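When a ligand or atom number is given, it counts from 1 through the structure's own listing order. This structure is a prediction, so every number in the text was calculated from the model and none was measured.
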Amino acid sequence: MFWQTSRFRLDLSRPRVMGIVNITPDSFSDGGHFASTRAALAHCEQLVGQGADILDLGAESTRPGSPPVPLEEERARLIPVLREALTLGVPVSVDTYKAEVMREVLDLGADIVNDIWALRQPGAADAVAAHGSCGVCLMHMHGEPQTMQLAPMDGDAVPQVRGFLRGVTEALHARGVARERIAWDPGVGFGKMPVQNFSLLARQHELLADGYPLLVGWSRKSSLGAVTGLPVSERLVPSVAAAVLAVERGARIVRVHDVAPTVAALKVWVAARPGAGTPD
Ligand code: 9MG
């Protein structure tokens with residue numbers, strides 16, 4: 001299985017690690033955008049050095065209740081980091097839902113659009129369709145970031161997530177976007193209760209049946225806190241455990257903060273695959 005992106009055709013026969021790069025103003029410095037650009041770039045280089053296969057740049061927090069970032073501010077944070085990140089030799093994804101930002105980053109050479117709104121914001125599907133080859137990650141979200149945890153979804157999450165992802169995918173195919181450009185993401189934590197998030201992991205095979213590569217993001221999420229009692233600063237082990245479980249159950253890409261330990265854990269998974277090490 002492959003994921004077609006603007007510059008790279010990613011071979012998904014081994015699990016891939018997408019490293020999270022948050023580009024937010026540096027609260028410890030009055031250096032403004034320059035300081036946060038330098039910090040984000042240093043972080044990109046560090047994650048690539050640790051084995052990240054993809055970088056995911058984001059300038060707006062998606063944590064429940066986070067305020068939206070205005071377009072110009074998002075551009076000012078993202079663009080300088082993107083220009084440099086594109087030289088690091090790995091696919092660069094941009095986490096945005098704004099069509100204007102998508103068009104600009106794709107023109108600059110970004111490889112993947114990672115959209116928590118699954119291209120439902122005005123112009124977003126057009127921006128991706130107009131580009132001939134970028135990858136796109138379609139994520140399920142119930143509600144919207146400002147209010148999603150106040151009114152989480154009801155009932156069995158698995159068929160709802162699958163039905164939603166099928167719908168947005170069909171709409172994208174109708175616009176001419178090829179199958180191998182698309183990855184699916186169940187959207188762990190986005191308007192879902194812990195029991196629903198864990199059912200998406202327990203029954204992940206049901207989401208795989210449509211044949212799209214699955215990208216999942218469990219890293220440091222509150223459902224891990226709900227079952228372990230650990231604060232966000234102590235969720236490394238649960239995050240790595242969830243990433244390995246997701247891969248064991250068929251996910252091809254894991255979106256993580258802690259790249260080095262996830263890469264190490266997945267090396268063990270690769271070495272222990274049935275057939276690994278069998279003499280020719
Ligand atoms: C931006 N963002 C935050 N959490 C995420 C997740 O689980 N998946 C994807 N694709 N993006 C996410």
Side-chain angles (χ1 to χ4, degrees), residues 3 5 10 12 15-24 40 47 52-69 74 77-78 91-98 101-102 105 110-121 124 128 134-146 148-149 152-153 157 161 164-165 168-169 181-194 196-198 200-201 204 207 212-225 232 235 238-240 242-243 245-247 251-259 262:
W3 191 12
T5 76
L10 258 180
L12 301 178
R16 299 291 176 166
V17 175
M18 175 187 255
I20 299 169
V21 180
N22 290 320
I23 313 170
T24 45
L47 297 188
D53 300 293
I54 308 171
L55 294 172
D56 188 37
L57 312 184
E60 176 172 322
S61 171
T62 51
R63 271 199 298 272
S66 302
V69 172
E74 186 175 343
R77 292 183 192 177
L78 268 175
V92 181
S93 159
V94 176
D95 153 22
T96 187
Y97 55 83
K98 296 187 185 90
V101 176
M102 289 178 192
V105 300
D111 296 285
I112 296 164
V113 170
N114 173 29
D115 185 0
I116 63 165
W117 279 92
L119 307 181
R120 287 176 294 148
Q121 292 293 334
V128 165
C134 70
V136 58
C137 176
L138 300 174
M139 197 198 78
H140 175 273
M141 171 169 60
H142 173 80
E144 54 184 88
Q146 283 72 45
M148 62 193 178
Q149 293 314 125
M153 69 194 296
V161 167
F164 168 83
L165 291 173
V168 288
T169 301
R181 294 173 58 190
I182 299 173
W184 279 14
D185 185 332
V188 173
F190 283 82
K192 303 169 188 91
M193 303 293 285
Q196 293 166 322
N197 291 315
F198 282 104
L200 287 162
L201 180 54
Q204 205 176 251
L207 298 177
Y212 295 91
L214 211 63
L215 185 160
V216 289
W218 278 90
S219 188
R220 302 181 185 172
K221 294 235 168 120
S222 63
S223 286
L224 300 174
V232 67
R235 292 185 194 148
S239 299
V240 174
L245 279 169
V247 166
R252 304 290 174 127
I253 307 128
V254 286
R255 183 179 180 274
V256 305
H257 298 88
D258 302 293
V259 166
T262 309

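Put simply, the residue from M139, K98, E144 that forms a side-chain contact (heavy atoms from CB on, under 4.5 Å) with W117 is E144. Shown are L119, I112, V168; of these, the side-chain contact (heavy atoms from CB on, under 4.5 Å) with V136 is made only by L119.
Residues W184 and F164 place their aromatic rings such that the two centres sit no closer than 6.0 Å.
No side-chain heavy atom of C137 sits under 4.5 Å from any side-chain heavy atom of Y212. When side chains are defined from C-beta on, C134 counts as touching V128, because their heavy atoms get closer than 4.5 Å. Counting only heavy atoms from C-beta outward, the side chains of L224 and S239 approach each other to under 4.5 Å.
Residue contact check for ligand 1: G58 places no non-hydrogen atom closer than 4.0 Å to it. Ligand 1 lies less than 4.0 angstrom from a heavy atom belonging to F190.
Remark: minimum distance from atom 7 (O) of ligand 1 to any protein heavy atom is reached at K221 NZ, 2.7 Å. For atom 5 (C) of ligand 1, the closest non-hydrogen atom on the protein side is R255 NH1, 3.5 Å. Residue, atom and distance of the protein heavy atom nearest to atom 11 (N) of ligand 1 are N114 ND2, 3.2 Å.
Residue nearest to atom 8 (N) of ligand 1, selected from D185, I253, I116, T62: D185 (by heavy-atom distance).
Within ligand 1, the atoms closer than 4.0 Å to a non-hydrogen atom of D95 are 1 (C), numbered from 1 in the order shown. Within ligand 1, the atoms closer than 4.0 Å to a non-hydrogen atom of C137 are 10 (N), numbered from 1 in the order shown. Those atoms of ligand 1 with a heavy atom of G217 less than 4.0 angstrom away are 7 (O).
Annotation for M153: atom CE counts as buried by contact number, over 12 foreign heavy atoms lying within 6.0 Å.
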